[in-house]
Peer 1: 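One structure is given below, represented as structure tokens, and several questions about it will come after.
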Amino acid sequence: MERDPIVFAWRSAPRQHAAAIAAALALGGPLVGLGLALVRDLVDELLAAADPGRTSLRLLHVALPLPERLGGTATLLPGWRVSEEAMTLWAVGGLAVIALLLAAVGFAVARLCFSAQGRAVERLRQVAAEAILRSGPAGREEARAMAAQVGEGLRAVDGLFAAGLLVPALAAGSVLLALLAAAAAAPRLVPAVAVSIVAAALARALLIARVNRQGDQRRQESAAIEKALGDLVRRLPAVRAHGTAAFERARLGHAAAAAGRRLAAAEAALARARAPALALVVLLPATVLATALWHDDRSTPVTAGALASAFGGLALAASLLALWLRQNERRKAALPAFREIGRTAAALEARARGVRRGPAQAHLPAQGPIVLAGVAAYDPASGERLTGVDLALTMPGHVAILGGRGSGGRVLAALIAGQLEPTAGRVTYDGTDLRAFDPSERARRIAFAGDEPVLMAGSLLQNLLYGDLAFADGSSPDPDVAPPPGLQLEERLVEALTVTGLDRLVMARGLASLVAPTIDPATAAAIVETREALRAALAAEDAAHLIEPFDPDRYNGQATVGENILFGEPVGRAFAEARLAGHPFTRAVLEAEGLTRPMIEMGLSIARATVEIFADLPDDHPLFDAFSLFPAAERGFFEDLVARQPEAAGWRRGAAGQRDRARLIGLALRYSETRHRFGLIDAAFEARLVSARRTFAALLPASLRPAVEFYDPARVTVAASLEENLLFGRIAGAEAGAGTRVRAVMQRVLAERGLERTVFRFGLAARVDPRAAETGLGAREGALTPAERSAIDVARCLVRQPDILVAGLALDERSPAEIRAGLARLRAARAGRGLVVCLPDAVSLPPDLPFDAVLRAVRNTVEVLPRDEAGNRPGEHAVREGASA
């Protein structure tokens, strides 16, 4: 890869850059030249108008006065004789047309430059992506560095990819145009203009260098002062203990003086550079003007218009040269970052070439032995290593690798899957080195679920079908409107999730998913129809009492006070929980029902009880987050309110008192008797809240009706969870195991009515947070446990139906019974196909399903456990005897 950003830009899009330069010079140059000629004619016409003995003028007469030996004056454009009025009209109109044409040329050139920049960025992205994709595990650090370097490099070369070649071409063209304008005015002006251009460029280059030096010194001074003050803060205890404030002031003074001297020297050099630059602003035009005024009888006098044209060309050349010099400084600043990108890309490419052995093989064999001959390997991610491994494993077969963390078992699994290159020896499949196969084909046929599952932000389906080009644009399936996956693919997904135990997670996520307004009408009708069947099934199981339905005439004890008044789901932010207490319509309903005062008293009681209960717990205690009705950030406010307001009387007046009352009403609206159990709601108060519910629904303005989706037994409730829509109520939490019983009946009813796959699709569309593990977040937030993350990695391998599945997972945190149960499902699903699994110890081996080979990784090497006469392996006796006992 090219190490210079300008060269890289040219190699990435030569046609676009060439077209942009050609358009700018071939079209823009003549247009600017005509503009200078028109300016010349306007100035000359203006001066001629003040001369009573004026002569007629020519519009756009362009000629180069050459010596007689070169043929005399060369007429480039003869021009047209026009009247005084026509001269002004044609000149001003011509300048307007030229301005429009220059704008069109500029637009076309800019589009070409941006197209070239896009190609350069795309090529850089491709170079980086290919280098990273080809990097093996040993190149992880270089790949990580490459990602950071590309981002830094793109920031450094901002604009260089687009105009890095155009600007120097424009600068060169403007210099040539300035010299031509000077020659058209008078040949003697050419040296003066050339010297002026060179002097201006040198002065600008010197000024840029001195400005950069002064900026560096200023940054160094700032860093030195920051460091000195940081040291002072660190030594403050010693200063107070020993009374050394005077010493510290003197030390800081010396440090500031040393940094200031260096900065002063740089500023003095900058001032010396500015002085000649300012002088040249006057001297250069004066030199050109003096050269124009000086002439003898044989010299052609320079008209004022021609001199103005020459000055215009000089100014344009000077400005474009300054722009080119500034761009060159940016190029110099970007060179280190670009060179690092090139160096890292070359290192990764060299590593990839070193890994490849011979011509690439397109297809892997369907079966054959996997042979490790004299293999040594090191995994930089885990620090595990293996040496002197000689093995032959026949595939398809089932192989178990015993050994906990650090034993080398995961390294062996990665070697078998071709995910780790050996540092010595060879790993072959049916006689062919694994490194000779195409990496994508190898990964498809030999799937690897590693110890570090990598998830991406998106839906669960996107993670399970990782690599599916349908999701490459970042799109996510919508279970409400998107068609389900193909039948065959859906069957494979169901099987993979069942084998890995993720089917329960998917069903739970599906039931917790919110119903969107875009839900398919047929699905919505099926959900409504299922409500009666589910209620009848629960009654048959003597479990109807475990559901508290949404009855418009009854208070729902499983909902909060605010949810009971709303009796529906908020759509949007208008009546969201955080805004419900402060909404004017809510306050009007409470006032109309005479509930404002009781709600304030309830809120004060809640605040007082909460402050007392959690008085000894810190703000970050999990119990506080789980059961408190206000967040830890508001704890001080409510403690202060309780202290100054022991009773609900004598409230502060004005805005402060209004805020206090609104916050207490907010607490009351978030209260649930079944959850918080402060004994604040009785049957009479429930009746008053139900009456407020009716008032809320009856008086809700038409403009606010879209903000609430009321519960209706005849239709689906948008923004409510799928489970609440199916139950048309909530599970009562008073009885232990109520949720488990209800969901078991629900799953049976859904299967009978053909809705199980619908819930399944809702669950697959649930969002996944790749950074969350055991964070305590609910299902809606996308949290996953480490075991679920590992199971997703295995499931995505199973969906591809590979020839060999290698599961190098860490199962140390699971019990032997859990490992054996999961292993039995996995082996049944992989019957007749290759399987390699890592197990923590021999106790995890299923006693009734012996493996074809059992290996033990210990002390950085691998040993094969032999069979005894009964066909068992050491360690299996203990398992079988324990099972029979």
Peer 1: How about L726 and I527: do any of their side-chain heavy atoms sit closer than 4.5 Å?
Peer 2: yes

Peer 1: Does some side-chain heavy atom of I681 sit less than 4.5 Å from a side-chain heavy atom of V561?
Peer 2: yes

Peer 1: Within the 4.5 Å heavy-atom criterion, are E569 and E724 side-chain neighbours or not?
Peer 2: yes

Peer 1: How many angstroms lie between atom OG1 of T560 and atom CD1 of I565, to the nearest 0.5 angstrom?
Peer 2: 8.5 Å

Peer 1: How long is the gap from CZ on R757 to CG on L764, to the nearest 0.5 Å?
Peer 2: 10.0 Å

Peer 1: Please list all pairs meeting ring-ring contact (aromatic ring centres under 6.0 Å, His included) that have one or both residues in residues 680-707, counting only residues at least two apart or in different chains.
Peer 2: F575-F696, F585-F696

Peer 1: Would a 4.5 Å heavy-atom cut-off, applied to side chains only, mark I606 and R670 as touching?
Peer 2: no

Peer 1: Whether R535 engages the ring of F728 as a cation-pi pair (distance to the six-membered ring centre under 6.0 angstrom, angle to the ring normal within 45°) should be assessed.
Peer 2: no

Peer 1: Can you name the nearest heavy-atom pair linking Q747 to E756, along with the distance?
Peer 2: NE2-OE2, 3.4 Å

Peer 1: Taking atom CD of Q367 and atom CD1 of I804, what is their separation to the nearest 0.5 Å?
Peer 2: 10.0 Å

Peer 1: Would you indicate whether the side-chain heavy atoms of R753 and E529 approach each other to under 4.5 Å?
Peer 2: yes

Peer 1: What residue among E548, R675, E563, R730 forms side chain to side chain donor-acceptor pair (under 3.5 Å) with Q558?
Peer 2: E548

Peer 1: Are the side chain of T695 and the backbone N or O of V589 linked by a donor-acceptor pair below 3.5 Å?
Peer 2: no

Peer 1: Are any non-hydrogen side-chain atoms of V718 and I519 less than 4.5 angstrom apart?
Peer 2: no

Peer 1: Please lay out, stage by stage, how L839 and V854 fare under the test side chain to side chain contact (heavy atoms under 4.5 Å, CB included).
Peer 2: CA-CA 10 Å; L839 302 174; V854 177; over 6 Å; no

Peer 1: Indicate the atoms forming the closest heavy-atom contact of L514 with A719, along with that distance.
Peer 2: CD2-O, 3.5 Å

Peer 1: Is there a donor-acceptor pair closer than 3.5 Å between any side-chain N or O of R796 and the backbone N or O of N463?
Peer 2: yes

Peer 1: What closest approach, in Å, do R741 and A543 show between heavy atoms, and which atom pair accounts for it?
Peer 2: NH2-CB, 3.6 Å

Peer 1: I'd like to know if the side chain of N725 reaches the main chain of T717, judged simply by a donor and an acceptor atom lying under 3.5 Å from each other, with no hydrogens or angles considered.
Peer 2: yes

Peer 1: Determine yes or no for a side-chain-to-main-chain donor-acceptor pair under 3.5 angstrom, with H398 supplying the side chain and R830 the backbone.
Peer 2: yes

Peer 1: Could you check whether atom CZ of R504 has more than 12 heavy atoms from other residues, nucleotides or ligands sitting under 6.0 Å from it?
Peer 2: no

Peer 1: Roughly how far, to the nearest 0.5 Å, is the CG atom of L497 from the CD1 atom of I792?
Peer 2: 9.0 Å

Peer 1: Could you tell me whether the side chain of Q419 and the main chain of F448 form a donor-acceptor pair under 3.5 Å?
Peer 2: no

Peer 1: Without swapping roles, check the side chain of D793 against the backbone of V454 for a donor-acceptor pair under 3.5 Å.
Peer 2: no

Peer 1: Please step through side chain to side chain contact (heavy atoms under 4.5 Å, CB included) for the pair V836 and M395, ending with a clear verdict.
Peer 2: CA-CA 10 Å; V836 179; M395 290 293 157; 3.8 Å; yes

Peer 1: State, to 0.1 Å, how close A738 and A732 come at their nearest heavy-atom pair, and which atoms those are.
Peer 2: CB-O, 3.4 Å

Peer 1: Take atom CZ of R825 as the centre, draw a 6.0 Å sphere, and report whether it contains more than 12 heavy atoms from other residues, nucleotides or ligands.
Peer 2: yes

Peer 1: Is the closest basic N to carboxylate O distance between E495 and R492 below 4.0 Å?
Peer 2: no

Peer 1: Would you sort out whether V799 and L489 count as a side chain to side chain contact (heavy atoms under 4.5 Å, CB included), showing the intermediate values?
Peer 2: CA-CA 8 Å; V799 170; L489 175 58; 4.0 Å; yes

Peer 1: Over 60° means perpendicular and under 30° means parallel, so tell me whether F567 and F550 are parallel, tilted or perpendicular.
Peer 2: perpendicular

Peer 1: For residues E593 and L689, determine if any side-chain heavy atom of one lies less than 4.5 Å from a side-chain heavy atom of the other.
Peer 2: no

Peer 1: Checking R789 side chain against L455 main chain: does a donor-acceptor pair fall under 3.5 Å?
Peer 2: no

Peer 1: Determine whether a donor-acceptor pair (N or O, by modelled atom type, separation under 3.5 Å) exists between the side chain of D803 and the backbone of I446.
Peer 2: no

Peer 1: With rounding to the nearest 0.5 angstrom, report the OH to CZ distance, Y671 to R677.
Peer 2: 9.0 Å

Peer 1: Check each of M602, E577, M599 against L669 using the side chain to side chain contact (heavy atoms under 4.5 Å, CB included) test, and report the only one that passes.
Peer 2: M599

Peer 1: If we only count heavy atoms from C-beta on, is the L722 to V759 side-chain gap below 4.5 Å?
Peer 2: yes

Peer 1: Taking side chain to side chain donor-acceptor pair (under 3.5 Å) as the test, write out the residues that go with Y555, two or more places apart.
Peer 2: none

Peer 1: Would you name the heavy atoms of A707 and A574 that are closest together and state the gap between them?
Peer 2: CB-CB, 3.9 Å

Peer 1: SG/C797 to CG/L464 distance, rounded to the nearest 0.5 angstrom?
Peer 2: 10.5 Å

Peer 1: Before you tell me yes or no, could you show the steps for I613 and F678 under side chain to side chain contact (heavy atoms under 4.5 Å, CB included), namely the whole-Å CA-CA distance, both residues' side-chain angles and the distance that decides it to 0.1 Å?
Peer 2: CA-CA 11 Å; I613 291 171; F678 290 164; 3.8 Å; yes

